[in-house]
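The block underneath contains the structure these notes are about, expressed in structure tokens.
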There are 2 protein chains.
Amino acid sequence: MEVTIKEIAKLSGVGITTVSRVINNSGPVSPKTREKVMAVVREYNYIPNNSARNLKSNQSKSVALLVKSITNPFFQKMIKVIEQKVALRGYQLIIQNVTNLQNELDIAISEAKDRNLQGVIIMGGSFNYTAAKFSGLKIPCVLLTVSAGDEVSLESYSSVRINDELEAFKAVEYLISMGHRRIGFIMNAPVDEMTPNSLRYRGYIRALEQYNVPFDSSLVASEFSSLSGYDFGFKMMKQLLAQNKDVTAVFAFADIVAIGAAKAILSSGLKIPENISIIGFDGIEEAEFYHPSIDTISQPAEQMALSSVELLFDMLQGGETRHMVFESSLLKRGSCAAIHK
Amino acid sequence: MEVTIKEIAKLSGVGITTVSRVINNSGPVSPKTREKVMAVVREYNYIPNNSARNLKSNQSKSVALLVKSITNPFFQKMIKVIEQKVALRGYQLIIQNVTNLQNELDIAISEAKDRNLQGVIIMGGSFNYTAAKFSGLKIPCVLLTVSAGDEVSLESYSSVRINDELEAFKAVEYLISMGHRRIGFIMNAPVDEMTPNSLRYRGYIRALEQYNVPFDSSLVASEFSSLSGYDFGFKMMKQLLAQNKDVTAVFAFADIVAIGAAKAILSSGLKIPENISIIGFDGIEEAEFYHPSIDTISQPAEQMALSSVELLFDMLQGGETRHMVFESSLLKRGSCAAIHK
DNA sequence: TTGTACGCGTTATCAA
DNA sequence: TTGATAACGCGTACAA
């Protein structure tokens with residue numbers, strides 16, 4: 001059994017209250033008493049019992065991070081930052097993976113009660129949250145990379161994201177500007193659910209329209225899949241290549257998918273960018289070190305992660321909800337080239 | 001404020017004890033009473049307060065996973081499995097990254113008290129643990145991918161790992177068998193600290209010796225670095241290429257490093273495997289989807305992760321410590337070829 | 001400036 | 001089969 005506050009009190013010849021005041025810096029204690037108590041605390045290596053504290057205060061200094069598909073390297077970059085920043089504030093971070101089949105908000109609600117969390121950051125997922133669901137979640141919540149859709153009041157959560165549609169537009173516009181007109185798109189979710197993917201799909205469509213490039217549904221490789229991003233990209237690209245001999249460029253909704261697609265292209269004996277141009281989305285290291293390095297829309301991951309933590313703690317301290325939209329940048333690294341007849 | 005056991009008791013017209021018995025399945029309760037209580041529990045969506053439970057039982061159902069360099073995709077595969085399996089057992093998993101500069105065991109000790117953990121899994125790190133340190137950690141501990149070194153009694157921890165030296169030997173032997181004699185080695189830690197890297201280095205040395213290939217220290221690119229694995233591999237390979245025009249093969253201590261090195265080779269205008277053969281270690285997806293796919297020593301990551309959780313829970317239930325050593329397999333995928341003059 | 005005593009929500013002991 | 005009641009370790013009115 002560990003040493004308790006009671007024993008510390010007895011050992012230092014003071015009352016329990018005084019010890020409590022000393023270790024929490026609450027209420028007045030004479031410097032002499034403080035030193036006396038601290039000496040005993042150090043000597044016995046006293047650490048307050050967290051369970052008891054939590055029980056009293058009805059709050060445990062912990063927040064959760066729910067991640068949709070935790071293995072995506074793009075999320076990894078952010079997880080690392082979040083983990084550090086949360087720890088820095090003396091909070092415990094509980095990271096939990098959410099599978100494709102689970103609803104992240106449901107999990108947040110049950111976990112919040114179960115672990116009595118102070119707040120939660122949800123990374124990834126869809127935009128399809130109902131106001132009802134949100135009202136079931138009684139703790140501050142920050143959505144990272146998505147927002148909650150129009151139905152939900154902006155006061156019920158904070159969010160950090162990018163403008164997926166616009167950035168996707170930029171990517172496709174870039175391809176079009178190089179003369180491409182047979183541009184494939186790879187995405188992994190059904191179009192009818194609102195996810196970053198479907199927003200990027202919109203950007204794709206809008207770019208085609210704006211530049212009068214005819215839309216061809218056979219160029220859109222879309223499938224609900226539980227494959228890893230790499231495998232998925234590989235499979236979809238193989239399919240695209242088989243069905244469309246004339247495709248000259250591909251936009252993949254994520255870098256990991258772009259890498260899988262690139263592998264499919266290269267292992268088919270085609271060259272990047274000579275035969276096919278490819279561009280991804282996210283800005284992960286893996287794309288940079290691929291050969292050739294893969295062009296991408298790079299999201300400011302660290303910044304976004306940092307902001308999500310700040311927004312959460314703002315809310316914990318009674319601050320307003322906020323919604324931040326970051327800019328991404330188009331990185332040209334050589335996997336896209338002008339088309340030549 | 002949430003509903004408490006007391007209120008449930010009142011609402012269902014029974015005593016607190018009875019409610020406690022119902023929700024914990026402890027002690028005898030008549031079926032009728034049980035149903036009555038359960039109805040109220042469901043109606044009010046009662047969830048027992050964890051803090052209070054922990055306070056009573058002096059244990060919180062939580063274990064920690066300490067990860068050295070959490071961003072390595074190889075660890076990611078394992079993290080996912082561990083997270084699932086721990087959750088399956090109703091335990092909370094606290095994942096914490098440990099930087100290169102921190103000692104994982106120190107952190108385990110302080111966290112164990114602080115969060116009153118039931119157990120801890122340490123992933124990565126070095127073999128340099130002292131018996132003294134271990135005795136300071138009073139909860140079950142499983143080391144994953146390393147063991148603790150000879151000084152520490154095998155009864156004070158469990159471990160899951162591979163035979164790093166032997167597997168590295170196999171990798172280098174493979175290169176030698178294809179005629180290579182100028183074989184580079186890339187590792188990231190000082191040789192004097194016991195890490196998986198240094199064991200792999202030994203395997204490298206031993207293979208050279210056994211096959212009478214002269215050792216040349218200029219072929220060993222070693223540096224203590226906080227770069228990412230990719231960046232590190234890239235930098236070291238550039239260095240190797242500059243210093244040794246005649247290097248024909250490279251063994252990297254990890255796949256991510258191999259990928260960085262491959263990028264350095266390819267972007268120098270050299271070809272893999274025509275000019276230089278390369279082999280990595282770990283077996284991550286990124287190596288498979290690289291172009292060319294990179295040969296590697298593949299560790300059974302999922303199996304190892306699974307076992308680590310099993311071993312931990314065995315110990316939690318009073319079982320013995322155990323030490324498992326898994327076999328790895330040499331995956332030949334085309335990044336290594338016979339040397340041709 | 002200090003200490004006593006109560007209550008946080010549970011579980012477990014004991015008597016009914 | 002049930003139900004009071006005493007802990008668990010801590011924070012904090014309130015009294016001194």
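Throughout, a chain's letter reflects where its sequence line sits, starting with A, and its residues are numbered from 1. Because the structure is a prediction, the values reported are computed rather than measured.
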| Closest listed nucleotide, where the reference is the side chain of R21(B) and the choices are dC10(D), dG11(D), dG3(D) | dG3(D)
| So, is R53(B) near the phosphate of dG9(C), with a side-chain N or O under 4.0 Å from OP1 or OP2? | no
| NZ of K56(A) versus C1' of dT12(D): gap in Å, rounded? | 6 Å
| request: Let me know the distance between CD1 of I8(B) and C1' of dG9(C), rounded to the nearest Å. | output: 12 Å
| request: Indicate, with a heavy-atom threshold strictly under 4.0 Å, whether S30(A) touches base, sugar-phosphate, or nothing. | output: sugar-phosphate
| message | Show the nearest heavy-atom pair for residues L66(B) and I107(B), with the distance to one decimal. | response | CD1-CG2, 4.1 Å
| query | Do any side-chain nitrogens or oxygens of T18(A) fall under 4.0 Å of OP1 or OP2 in dT2(C)? | reply | no
| query | Which nucleotide, dA12(C), dT10(C), dC10(D), lies nearest any side-chain atom of T17(B)? | reply | dA12(C)
| query | What is the distance, rounded to the nearest whole Å, between atom CG of N50(A) and atom P of dG9(D)? | reply | 14 Å
| task | Could you tell me the separation between the CD atom of E7(B) and the C1' atom of dG9(C), rounded to a whole number of Å? | result | 11 Å
| Phosphate-side-chain proximity, Y46(A) and dG9(D), N/O vs OP1/OP2 below 4.0 Å | no
| field | Short side-chain N/O contact to dT10(C) OP1/OP2 from N54(B), under 4.0 Å | value | no
| request: When you get a sec, tell me which of dG3(D), dG9(D), dC8(D) is the closest nucleotide to the side chain of V14(B)? | output: dG3(D)
| task | Using atom CD1 of I23(B) as one end and atom C1' of dT10(C) as the other, report the distance to the nearest whole Å. | result | 8 Å
| query | Between dT2(D) and T33(B), is there an OP1 or OP2 to side-chain N/O distance shorter than 4.0 Å? | reply | yes
| task | Check the side chains of S153(A) and S156(A) for a donor-acceptor pair under 3.5 angstrom, ignoring hydrogens and angles. | result | no
| message | Using the ring centroid of each side chain, check whether F313(A) and Y91(A) are separated by less than 6.0 Å. | response | yes
| query | Rounded to the nearest Å, what distance is computed from the NZ atom of residue K10(A) to the P atom of nucleotide dC10(D)? | reply | 14 Å
| task | Mind calculating the distance between CG (N49(B)) and P (dC10(D)) to the nearest angstrom? | result | 17 Å
| task | Work out which heavy atom in E83(B) is nearest to a heavy atom in L93(B); give both atom names and the distance. | result | CA-CD2, 3.6 Å
| remark: To the nearest angstrom, the CD1-P distance between I5(A) and dG3(C) comes to 12 Å
| Given DNA chain D, 5'-ward residue of the pair G15(B) and S57(B), judged by closest heavy atom | G15(B)
| side-chain hydrogen bond (donor to acceptor under 3.5 Å, both in side chains) evaluation trace for E104(A) with Y129(A) | CA-CA 10 Å; E104(A) 48 279 6; Y129(A) 300 119; 2.7 Å; yes
| message | Taking the minimum atom-to-atom distance to the side chain of I16(B), which one of dT5(D), dG9(D), dG11(D) wins? | response | dT5(D)
| message | Assuming nearest nucleotide by heavy-atom distance, tell me which of A52(B) and V29(B) is located more 5' along DNA chain D. | response | V29(B)
